[in-house]
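Please read the structure below before turning to the comments.
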Amino acid sequence: MGRYVYLCFVKWRESAHEKGYGYFADTWFPRHEQLCGEHRVELLRWGLPFGVEEDHIFIYETDLTVAEFQEFKGAVSHDSEERLWEYSKTIVVNCPS
């Protein structure tokens, strides 16, 4: 599919943790899936990384440039006007065809 793979390490804000599992299963993840479709981003995998400060890792594949991917990250890191991510660190892998 994409030319780029983005390994996105996310540190959630404490207020996001307080929302609980139900919020993420019922609200955040469905919206995340919708935003992936709108931005032409495929979520390959996600999980809990070990040996780093961040809480989750999301592995995406897309043709989006880094600047375009930043717009996507801005959208998924918020819920309405509330910022859910404290920060993220992203490794970009250029995968030539």
Side-chain angles (χ1 to χ4, degrees):
M1 173 196 169
R3 178 176 176 178
Y4 299 100
V5 173
Y6 293 91
L7 292 84
C8 185
F9 295 84
V10 172
K11 182 70 170 178
W12 295 93
R13 298 184 86 174
E14 189 58 39
S15 59
H17 284 285
E18 292 169 359
K19 291 180 180 291
Y21 175 80
Y23 165 79
F24 287 97
D26 300 337
T27 303
W28 187 83
F29 244 109
R31 183 173 168 275
H32 176 266
E33 190 173 292
Q34 175 188 350
L35 289 168
C36 282
E38 290 173 8
H39 289 265
R40 302 178 333 270
V41 173
E42 181 181 358
L43 176 64
L44 299 178
R45 304 287 273 182
W46 69 275
L48 306 172
F50 291 93
V52 296
E53 298 289 323
E54 293 75 32
D55 301 309
H56 282 98
I57 181 171
F58 297 92
I59 303 171
Y60 301 102
E61 186 175 10
T62 184
D63 285 324
L64 296 181
T65 65
V66 172
E68 292 168 322
F69 187 76
Q70 286 294 99
E71 290 178 28
F72 166 74
K73 280 191 358 177
V76 299
S77 67
H78 288 76
D79 179 14
S80 301
E81 298 300 315
E82 182 182 5
R83 193 170 119 212
L84 300 172
W85 295 2
E86 188 67 38
Y87 66 86
S88 67
K89 296 178 183 176
T90 303
I91 297 169
V92 182
V93 182
N94 185 353
C95 303
S97 39

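Heads up: numbering here begins at 1 and tracks the sequence. Note that the structure is predicted; figures quoted are calculated from it, not measured. What you see below is based on every heavy atom in this structure, not just the backbone, and it leaves out hydrogens, waters and symmetry mates.
- For E14, there are no side chain to side chain donor-acceptor pair (under 3.5 Å) partners at least two apart in sequence or on another chain.
- Taken to the nearest 0.5 Å, the NE2 atom of H17 stands 6.0 Å off from the NZ atom of K11.
- Considering CG of L7 and OH of Y60, their distance stands at 11.0 Å, rounded to 0.5 Å.
- At a threshold of 4.5 Å between non-hydrogen side-chain atoms, the residues T90 and F69 count as touching.
- Using modelled atom types, one side-chain atom of Y6 and one backbone atom of L64 make a donor-acceptor pair closer than 3.5 Å.
- Among residues two or more places apart in sequence or in another chain, the side chain to side chain donor-acceptor pair (under 3.5 Å) test is passed with H39 by none.
- Every residue two or more places apart in sequence or in another chain was checked for a side chain to side chain donor-acceptor pair (under 3.5 Å) with E33, and none qualifies.
- The distance from the CD1 atom of I57 to the OG atom of S88 is 11.5 Å, given to the nearest 0.5 Å.
- Side-chain polar atoms of W46 and H56 form no donor-acceptor pair below 3.5 angstrom.
- Taking the side chain to side chain contact (heavy atoms under 4.5 Å, CB included) definition, one finds that E38 meets it with Q34, L35, sequence neighbours left out.
- Every side chain to side chain contact (heavy atoms under 4.5 Å, CB included) that N94 has, sequence neighbours left out, goes to R3, Y4, P96.
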Would you mind writing out the side-chain donor-acceptor pairs for residues 76-85 within the sub-3.5 Å range, not counting sequence neighbours?
{"from": "S77", "atom 1": "OG", "to": "K73", "atom 2": "O", "distance (Å)": "3.0"}
{"from": "S77", "atom 1": "OG", "to": "G74", "atom 2": "O", "distance (Å)": "3.2"}
{"from": "H78", "atom 1": "ND1", "to": "G74", "atom 2": "O", "distance (Å)": "2.9"}
{"from": "D79", "atom 1": "OD2", "to": "Y23", "atom 2": "OH", "distance (Å)": "2.5"}
{"from": "E82", "atom 1": "OE1", "to": "K19", "atom 2": "NZ", "distance (Å)": "3.1"}
{"from": "R83", "atom 1": "NE", "to": "W85", "atom 2": "O", "distance (Å)": "2.9"}
{"from": "R83", "atom 1": "NH2", "to": "E86", "atom 2": "O", "distance (Å)": "2.9"}

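- Identified under the salt bridge (charged side-chain N to carboxylate O under 4.0 Å, His left out) test for residues 88-97, with sequence neighbours left out: E54-K89.
- Residue F29 holds its CZ atom at 9.5 Å from CZ of F24, rounded to the nearest 0.5 Å.
- With sequence neighbours left out, the side chain to side chain donor-acceptor pair (under 3.5 Å) criterion links T27 to no other residue.
- A heavy-atom distance below 4.5 Å is not found between the side chains of E42 and T62.
- Partners of F9 according to the ring pair (Phe, Tyr, Trp, His ring centres under 6.0 Å) rule, which considers only residues two or more places apart in sequence or in another chain, do not exist here.
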